[in-house]
Amino acid sequence: MDKDEIKQIHENENGKCFRYCPRCGAEKLYPNTPKTFKCRGCGFEFFLNTAAAVAALITDAEGRLLITVRKAEPVKGTWDLPGGFVDPGESAEETLRREITEELGLDILSARYLYSIPNTYKYGQVAYQSVDLVYRCKVEDASKAQAADDVEAVLFKGHNDIEPENFGLASIRNIVRWYLLQEGKV
Ligand SMILES: [Zn+2]
């Protein structure tokens with residue numbers, strides 16, 4: 001999604017949700033910049049900042065990628081990578097550790113930052129902008145992963161069996177396409 005599309009979504013779709021000023025309550029909020037709304041009444045400015053999220057690339061002893069199946073909307077039932085949004089006050093590495101424990105019951109031995117990719121995450125009637133930070137993670141024994149929290153099931157797929165189209169979130173799909181191009185060299 002390019003910046004013009006994001007601006008359109010902010011003004012049109014998100015603009016329908018964010019109408020009342022959270023400070024003075026007047027129906028005078030308008031999209032001011034592609035990440036803010038401003039109140040015509042009291043001048044209050046509300047920021048819809050880009051949220052940080054993490055995604056983990058984990059492989060088992062045979063080099064197969066650990067894939068999760070989404071238990072919740074959006075795109076419930078599609079493939080995903082372990083990870084999630086950074087909570088307030090957390091570092092990205094802390095988020096990674098927390099999510100891997102919550103979703104898989106595994107402890108991370110080491111994590112190496114690879115790169116980041118922007119994403120638009122639609123939830124409820126709001127399109128949130130996020131930046132997904134991708135980490136290569138090592139765990140003691142990936143085969144011990146137990147699906148929990150918002151994960152329906154855990155799959156392990158070798159390179160030839162990974163189908164990027166099965167990943168419901170566009171950013172994760174792109175991460176997986178990039179991963180496949182590396183031919184296991186990450
Ligand atoms: Zn106001």
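Note that the structure is predicted; figures quoted are calculated from it, not measured. Numbering of ligands and ligand atoms starts at 1, following listing order. All heavy atoms count here, side chains included; hydrogens, waters and symmetry mates do not.
The backbone N or O of Q8 lies less than 3.5 Å from a partner atom in the side chain of N12, making a donor-acceptor pair.
V154 and I162 fall into different hydrophobic clusters, defined by Ile, Leu, Val, Met, Phe, Trp and Tyr side-chain heavy atoms under 4.5 Å apart, directly or through other members.
At least one side-chain heavy atom of D87 sits less than 4.5 Å from a side-chain heavy atom of R98.
Proximity of the aromatic rings of F46 and F18 is defined here by a centroid distance below 6.0 angstrom, and this criterion is met. Taking the six-membered ring for Trp and the full ring otherwise, Y121 and F85 have centroids separated by under 6.0 Å.
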Point to revise | Audit row: E93, Y135, side-chain hydrogen bond (donor to acceptor under 3.5 Å, both in side chains) steps and yes/no | key: CA-CA 9 Å; E93 290 76 15; Y135 286 83; 2.9 Å; yes
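Take the Zn ion (ligand 1) and draw a sphere of radius 2.8 Å; the protein N/O/S atoms inside it number 4.
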